[in-house]
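A, B, ... follow the sequence lines: proteins, then strands. Residue 1 opens every chain. Not measured: the values here are computed from a predicted model. Values reported hereafter were calculated over all heavy atoms of this structure, with side chains retained and with hydrogens, waters and symmetry mates removed.
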Amino acid sequence: MPPIFDRIYATVARIPSGRVATYGDIALHLGMPQGARTVGWAMRKCPHGLPWHRVINAQGKSSLRGEARERQYALLAKEGVGAGIGGRIDLEQYRWQEI
DNA sequence: TGCGTGACTTGAC
DNA sequence: CGTCAAGCCACGC
């Protein structure tokens, strides 16, 4: 059984282009309904090659600050994921369903 | 072994 | 719809 970190990274790596997942979704998928913070904590490391930009919070917004935040929205926009008013992404439309 | 910390979440006001 | 507070998890020191 690999560390929780690896399982989180493996799940993030499976998120298809043009789709997004929330920290809570990933945590739930790994069997930790209340482990959203752990997912965020793990994402701090952000291993190279991981689609980190496809992970957002339950509010449909980026949890990053400063330039990293803008960078995330830019990458998502390039994949067709548009942010609405207030930089909010429509989870109903872009949420990764096959998780 | 114990405590602080963070890219969270949800329910009240 | 914005802000606040409390709950929850794993890791590092």
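Near DNA chain B, meaning a heavy atom under 4.0 Å from it, residues 60-82 of chain A has A/S63, A/L64, A/R65 in order of number.
The backbone N or O of A/V81 sits nowhere less than 3.5 Å from a side-chain atom of A/Q93 that would complete a donor-acceptor pair. Judged by distance alone, with hydrogens and angles left aside, the side-chain atoms of A/R95 form no donor-acceptor pair with the main-chain N or O of A/E92 at under 3.5 Å. Checking side-chain atoms of A/Y73 against main-chain N and O of A/A83 turns up no donor-acceptor pair under 3.5 Å.
Taken to the nearest 0.5 Å, the CD1 atom of A/I56 stands 9.0 Å off from the CG atom of A/D25. The distance from atom OG1 of A/T38 to atom CE of A/M43, rounded to the nearest 0.5 Å, is 13.5 Å. In this structure, the separation between CD1 on A/I26 and CZ on A/R14 is 10.5 Å, given to the nearest 0.5 Å. Here the CD1 atom belonging to A/I4 is positioned 11.0 Å from the CH2 atom belonging to A/W41, to the nearest 0.5 angstrom. Note that the CG atom of A/L50 and the CD1 atom of A/I8 stand 10.5 Å from one another [nearest 0.5 Å].
Distance CD1 (A/I85) to P (C/dG2): 12 Å, rounded to an integer number of Å. Whole-Å rounding puts the A/L28 CG to C/dC8 C1' distance at 14 Å. In this structure, the CZ atom of A/F5 is 16 Å from the P atom of C/dC9, given to the nearest Å. A straight line from CD1 of A/I4 to P of C/dC11 spans 8 Å, rounded to a whole angstrom. Taking atom OH on A/Y23 and atom C1' on C/dC8, their separation rounds to 17 Å, with Å as the unit. Atom C1' of nucleotide C/dA10 and atom CD of A/Q34 are separated by 14 Å, given to the nearest angstrom. Going from atom NZ of A/K45 over to atom P of C/dC11 covers 11 Å, rounded to whole Å.
Among residue pairs with one or both ends in residues 49-61 of chain A, those qualifying as side-chain hydrogen bond (donor to acceptor under 3.5 Å, both in side chains) are A/H53-A/E79, A/R54-A/E79, A/N57-A/S63; sequence neighbours excluded.
Pairing for B/dT9 is with C/dA6, a Watson-Crick or G-U wobble pair whose two hydrogen-bonding atom distances lie under 3.5 Å.
Extent of DNA chain B lying under 4.0 Å from chain A heavy atoms, first and last nucleotide in 5' to 3' order, is B/dG6 to B/dT10.
Along DNA chain C, the nucleotide closest to A/R88 and the one closest to A/R37 are compared, and the more 5′ of them pairs with A/R88. In terms of position on DNA chain B, the residue among A/W41 and A/Q59 whose nearest nucleotide sits closer to the 5' end is A/W41.
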